[in-house]
Visitor: 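Can you keep this structure in mind? I'll have questions shortly.
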Amino acid sequence: MQNPLFKKLSILYVQMEEEYDHVAGKIGLSCHGCPDNCCNSYFQHHTHIEWAYLWKGMESHSDEKQRELLDKAGEYITKSQALLAQGLRPRIMCPLNDNGLCQLYEHRLMICRMHGVPNSFVRPDGKRISFPGCFRCQELGSDLEEVPVLERTRFYQELASLEIAFAGSKSKGLSKVNLTIAEMLVNGPPSVASQK
Ligand code: SF4
Ligand code: SF4
């Protein structure tokens with residue numbers, strides 16, 4: 001039986017996408033035809049539940065496909081570590097991107113779903129953090145009187161609640177995840193919690 005928290009996470013992901021589409025629609029932003037591809041952006045991800053859910057998607061692929069993706073993830077890590085050692089921020093295509101298509105689209109992580117439009121959130125210490133959106137979004141926004149902003153705070157709070165529930169009795173003292181998608185793949189599923 002699947003962990004019921006995965007169902008809640010998938011519902012939260014849909015809500016994020018709906019909000020993203022709403023804001024992107026107001027700005028007129030679409031990734032279609034964009035000369036950039038944000039799947040080569042260097043991001044770390046921070047929750048065990050998203051990591052575990054990503055692996056649920058991996059396990060739906062054949063063993064051969066999983067090996068192929070793990071090989072690409074290993075190459076990504078080698079290249080990115082070499083760049084980081086030189087003080088450079090990697091720009092390497094995500095190992096899950098195959099000719100523009102995400103191989104775990106239904107299981108991709110929060111940041112993959114919300115990057116692009118202007119967004120903002122309030123940290124637990126009360127400080128507001130804001131991002132202006134991608135270059136294309138900023139170009140489109142310069143023609144608007146008022147640029148809409150995606151408010152992420154509620155989504156972060158709900159994801160944090162799911163993370164605590166996922167870790168269960170291990171949630172106290174649980175260390176924060178700081179992993180790229182490639183590392184989440186090569187490391188295998190997270191060992192915490194009530195994964196079913
Ligand atoms: S988020 Fe922006 S920069 Fe990234 S692919 Fe979409 S339109 Fe292009
Ligand atoms: S997981 Fe999918 S959507 Fe996210 S960066 Fe990788 S290929 Fe792109």
Side-chain angles (χ1 to χ4, degrees), residues 1-27 29-31 38-39 41-60 94 96-97 102-134 137 141 146-185 187-196:
M1 196 182 93
Q2 174 151 293
N3 188 326
L5 293 170
F6 289 152
K7 179 70 185 164
K8 291 186 175 177
L9 178 61
S10 69
I11 292 169
L12 181 60
Y13 278 159
V14 169
Q15 291 170 354
M16 290 175 184
E17 281 170 14
E18 286 173 352
E19 188 59 22
Y20 181 96
D21 289 345
H22 178 67
V23 174
K26 280 186 171 174
I27 297 170
L29 178 72
S30 162
C31 295
C38 289
C39 296
S41 304
Y42 185 79
F43 285 120
Q44 287 170 312
H45 305 266
H46 304 297
T47 59
H48 295 85
I49 187 169
E50 288 194 285
W51 178 2
Y53 191 63
L54 185 76
W55 261 96
K56 284 290 156 203
M58 263 298 261
E59 288 161 1
S60 68
C94 174
L96 293 179
N97 186 303
C102 179
Q103 300 301 292
L104 291 178
Y105 189 76
E106 297 299 326
H107 293 257
R108 71 197 192 286
L109 285 80
M110 176 182 69
I111 294 174
C112 302
R113 295 164 195 262
M114 303 188 62
H115 181 71
V117 298
N119 62 80
S120 178
F121 67 94
V122 179
R123 288 195 323 207
D125 64 5
K127 186 170 166 46
R128 178 167 287 282
I129 308 289
S130 299
F131 300 95
C134 69
C137 187
E146 189 180 345
V147 181
V149 174
L150 192 160
E151 176 56 51
R152 281 191 194 184
T153 309
R154 175 178 76 86
F155 297 129
Y156 280 6
Q157 288 168 342
E158 290 188 21
L159 185 58
S161 298
L162 289 177
E163 174 75 343
I164 290 168
F166 184 69
S169 60
K170 295 181 188 167
S171 66
K172 279 204 177 109
L174 188 69
S175 57
K176 189 179 169 191
V177 177
N178 274 316
L179 295 174
T180 62
I181 285 171
E183 289 164 338
M184 286 181 163
L185 294 175
N187 288 358
S191 58
V192 295
S194 47
Q195 298 168 59
K196 292 174 186 133

Visitor: Not counting sequence neighbours, which residues clear ring pair (Phe, Tyr, Trp, His ring centres under 6.0 Å) with Phe43? List them please.
Guide: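 Phe43 satisfies ring pair (Phe, Tyr, Trp, His ring centres under 6.0 Å) with His115 only.
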
Visitor: Between Arg113 and Glu19, does any side-chain N to carboxylate O distance fall below 4.0 Å?
Guide: no

Visitor: Check whether any side-chain heavy atom of Glu106 lies under 4.5 Å from a side-chain heavy atom of Ser60, and answer yes or no.
Guide: no

Visitor: Taking the side chain as every heavy atom from C-beta outward, state whether Leu159 and Ile49 have any atom pair closer than 4.5 Å.
Guide: yes

Visitor: Among residues at least two apart in sequence or on other chains, which ones pass side chain to side chain contact (heavy atoms under 4.5 Å, CB included) with Cys39?
Guide: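 Side chain to side chain contact (heavy atoms under 4.5 Å, CB included) list for Cys39, sorted by chain: Asn37, Met93, Cys94, Asn97.
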
Visitor: Measure the NE2-CH2 distance between His107 and Trp55 for me, rounded to the nearest 0.5 Å.
Guide: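 Result: 12.5 Å between the selected atoms.
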
Visitor: Looking at residues at least two apart in the chain, or sitting in another chain, which of them share a salt bridge (Lys or Arg N to Asp or Glu O under 4.0 Å) with Arg108?
Guide: Glu17

Visitor: Do Leu174 and Ile164 have side chains that get closer than 4.5 Å, going by heavy atoms?
Guide: no

Visitor: Is the shortest side-chain heavy-atom distance between Val177 and His45 below 4.5 Å?
Guide: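 No; the side chains remain at least 4.5 Å from each other.
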
Visitor: Given 3.5 Å as the limit, does a donor-acceptor pair link the side chain of Glu183 with the main chain of Thr180, or not?
Guide: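 Yes: the side chain of Glu183 pairs with the backbone of Thr180.
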
Visitor: Do Ser130 and Pro118 make a side-chain contact, defined as non-hydrogen atoms from C-beta onward lying under 4.5 Å apart?
Guide: no

Visitor: Quick one: does Phe166's side chain get under 4.5 Å of Thr47's, heavy atoms only?
Guide: no

Visitor: Salt bridge (Lys or Arg N to Asp or Glu O under 4.0 Å) with Glu146: which residues, sequence neighbours excluded?
Guide: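 Partners of Glu146 by the salt bridge (Lys or Arg N to Asp or Glu O under 4.0 Å) criterion come out as none, since no residue qualifies.
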
Visitor: Shortest non-hydrogen contact from Ile129 to Arg123?
Guide: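 Looking at all heavy atoms of both residues, the closest pair is CG1-CG, 3.8 Å.
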
Visitor: For residues Leu96 and Leu54, determine if any side-chain heavy atom of one lies less than 4.5 Å from a side-chain heavy atom of the other.
Guide: yes

Visitor: Residues in side chain to side chain contact (heavy atoms under 4.5 Å, CB included) with Tyr156, at least two apart?
Guide: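 For Tyr156 the side chain to side chain contact (heavy atoms under 4.5 Å, CB included) partners, ignoring immediate neighbours, are Met110, Phe121, Arg152.
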
Visitor: Identify each donor-acceptor pair in which a side-chain atom of residues 4-11 lies under 3.5 Å from a protein atom, sequence neighbours left out, and give them as a table.
Guide:
from: Ser10; atom 1: OG; to: Lys7; atom 2: O; distance (Å): 2.8

